[in-house]
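Heads up, the thing below is written out as structure tokens.
So you know, we letter chains A, B, ... as the sequences are listed, proteins then strands, and number each from 1. Since the structure is predicted, the reported quantities are computational estimates derived from the model, not experimental observations.
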Protein chains: 2
Amino acid sequence: MSTAVTPDTGLAADLGWTLSVVLRAYVKAAKAATADLPGGPRGHQVLSAAAREEPGSQSALAHRLGVDRTVMTYLLDDLVAAGLVERQPDPADRRNRRVVATGRGRTVLAELDRRMRTAEDHLLAGLDGAERRSLRELLQRVAGYANDLDPIANTCEAIADIAP
Amino acid sequence: MSTAVTPDTGLAADLGWTLSVVLRAYVKAAKAATADLPGGPRGHQVLSAAAREEPGSQSALAHRLGVDRTVMTYLLDDLVAAGLVERQPDPADRRNRRVVATGRGRTVLAELDRRMRTAEDHLLAGLDGAERRSLRELLQRVAGYANDLDPIANTCEAIADIAP
DNA sequence: TATTGTTATACTCTATAACTATA
DNA sequence: TATAGTTATAGAGTATAACAATA
């Protein structure tokens, strides 16, 4: 009889609960690590995308980060004001603004990455190296398609009809 | 040379980004699965805890679910009104209210679990059985201690001082 | 007509503060 | 004094709607 195995019932078995707890702890640490950055943890994600990914439109970036395009406007306003990113016109489609990091933005990003690395190590302190790599890889696999997943239809009886 | 290995740079390498994307997709599916339940996905978590865990105080439950105790009051008001949980006096400490599921609550919970199981399978469709178990177990391990983790102190230079 | 980006507005959610009762 | 629970209020974050520019 083993102890502390994966329970198949209760909150700990709830994928939503475990994800929420882990993400909440991560956000808490990330906020501390980005306290002086406009937009906080999300500002860091914007900066990271601007520096290291193909520059797309603001809406594409907003979708990738899971925020509304109107929120992206405010977020970029602050990052531009801080001199960390620029809005560049897209020659192929003049409606688009391409988001790219400035030189200063890249310097700041390096420092932010260092802090985030420390915060992530702290969060995953209970896992060894192989387990951390495994967790990261599995999450990346799911995240790769989850962003564009449609929730399944619920052909279920209504709760109100159960044991009325 | 393998393709599509774990990148060590960019958004996909960001633990916060992958967690956010996965949790967002999960919440979207969970909301659809609990559309007719007071409190939505969080109502399900309360119901699950009330039915399957040692009944503690409202604040203890709130902390476990990562919400403020004032939010727990509203949440329970609605679940009680729906006849799914009860607030019972604690003989050992009359300040506490023990949250327990009603018979109807347990019946509804079984149906909700069935829906959530389907939603989770949909979300993890890209992983095989062993990988799903691995992901669940790793997340449970981290969630087990992450809820009471203190964010590390940042003995870092301020962003404003970098490349001024 | 559809899409990008912006702005202003309204809404939802959450936290804060004050209060009662118990310890 | 400290804590559990409740209530009312204020704040942060988010989405909605309307607009101009471009396709």
Counting side-chain heavy atoms from CB outward, which of [options] is closest to [X]?
X: A:D93; options: D:dT22, C:dA17, D:dA4; answer: D:dT22
X: B:R95; options: D:dG5, C:dG5, C:dA23; answer: C:dA23
X: B:T73; options: D:dT22, D:dT7, C:dT6; answer: D:dT7

Without decimals, in angstroms, what is the distance between [X] [atom1] and [N] [atom2]?
X: A:R42; N: D:dA12; atom1: CZ; atom2: P; result: 15 Å
X: B:R64; N: D:dA4; atom1: CZ; atom2: C1'; result: 19 Å
X: A:R97; N: D:dT22; atom1: CZ; atom2: C1'; result: 11 Å
X: B:Q88; N: D:dG5; atom1: CD; atom2: P; result: 14 Å
X: B:K31; N: D:dT14; atom1: NZ; atom2: P; result: 12 Å
X: A:N96; N: C:dG5; atom1: CG; atom2: P; result: 5 Å
X: A:D90; N: D:dA21; atom1: CG; atom2: P; result: 19 Å
X: B:Y74; N: C:dT12; atom1: OH; atom2: C1'; result: 13 Å

* side chain to side chain contact (heavy atoms under 4.5 Å, CB included) partner of A:L109, chosen from A:L47, A:V85, A:L84 -> A:L47
* To do: Could you tell me whether A:D68 contacts a base, only the sugar-phosphate backbone, or nothing, with contacts defined as non-hydrogen atoms closer than 4.0 Å?
  => base
* Asked: Just checking B:R87: base, sugar-phosphate only, or nothing, at a heavy-atom cut-off of under 4.0 Å?
  ->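 It contacts sugar-phosphate atoms only.
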* Asked: Can you name the closest pair of heavy atoms from A:A29 and A:A119 and give their distance?
  -> CB-CB, 4.0 Å
* To do: Determine, for B:E120 against B:R117, whether the closest basic-nitrogen to carboxylate-oxygen distance falls under 4.0 angstrom.
  =>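 Judged by the 4.0 Å cut-off on N to carboxylate O distance, B:E120 and B:R117 do not form a salt bridge.
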* State which residue, out of A:R98, A:R87, A:R69, A:R97, fulfils the side-chain hydrogen bond (donor to acceptor under 3.5 Å, both in side chains) condition with A:Q58. => A:R87
* Structure fact -> Per nearest nucleotide of DNA chain C, the residue lying toward the 5' end, B:A92 or B:R69, is B:R69
* Side-chain donor-acceptor pair under 3.5 Å between B:R24 and B:S20, yes or no? -> no
* Let me know, please, whether A:V67 or B:R98 comes out on the 5' side of the other along DNA chain D by nearest nucleotide. =>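 Its nearest nucleotide lies further toward 5', so the answer is B:R98.
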* N or O in side chain of A:S59 less than 4.0 angstrom from C:dG5 OP1/OP2 -> yes
